[in-house]
Amino acid sequence: MSGPALFLDRDGIFNELVYRDGGVHSPRNWNEVKHYPLDGLHKIKELGFKLVMVTNQPDIERNLLKQSFVDELNSYYQNLYSLDRVYVSPFAADEHPLKKPNPGLFLLAKNELNLDFSNSFILGDTEKDTLAAKRCGIKSILWKRDYNRRVSSDFVVTNINDLKAILSQFVSAAST
Ligand SMILES: [Mg+2]
């Protein structure tokens, strides 16, 4: 039987963005990692959602970031929050089908994990995430940050309790 997923962006959700050379980037080593607290995230699974990380890491293809470090950090979060699966897009070109906001990674996950998109969400911090949601037909939840006030989404949260409230409401609505 297919079930819903909460897709999770990584940078700006699990860890802070790194400002460098006038742009925002992913951390390139452990010294650059600053974690956001996401206590209780794993409990979302009790509502029946699979937790699936989907992250763009274009600096891998640009040779500015080591795949091994990306994998290391992702594994850390996967273990800490009991994530069901992690999908990484290493591609630099915006038109690549596996780079958000294109839906490739989501469709891969849908097949591999037998997901029901009509009940699925993404939690992210940028328009790449909310646009991807539109293109896949899932709902978007924006984690409000100083830099994303102009991004439109289906829902906005500032903490894990908000997130749980939205998802619980949806689960109880779907089962009545
Ligand atoms: Mg992000």
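As the structure lists them, so they are numbered: ligands from 1, and atoms in each ligand from 1. Computed over heavy atoms, backbone and side chain alike; hydrogens, waters and symmetry mates excluded. Numbers here simply count residues along the sequence, with the first being 1.
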Exercise. Answer yes or no on whether Arg135 is positioned over the face of Phe106, meaning its NZ or CZ is under 6.0 Å from the six-membered ring centre and within 45° of the axis.
Key: no
Exercise. Please find out if the Mg ion (ligand 1) and some N, O or S atom of Asp9 are separated by less than 2.8 Å.
Key: yes
Exercise. Check all N, O or S atoms of Asp11 and name the one closest to the Mg ion (ligand 1).
Key: O
Quiz item: Looking at Ser153 and Thr130, what are the two nearest heavy atoms and their distance?
Solution: CB-CG2, 3.8 Å
Practice problem: Specify which N/O/S atom of Asp125 comes nearest to the Mg ion (ligand 1), by atom name. | Solution: OD1
Quiz item: Is it true that Asp9 and Lys128 make a salt bridge, defined as a side-chain N closer than 4.0 Å to a carboxylate O?
Solution: no
Quiz prompt | Within 45° cone and under 6.0 Å: Lys139 NZ/CZ vs Phe155 ring | solution = no
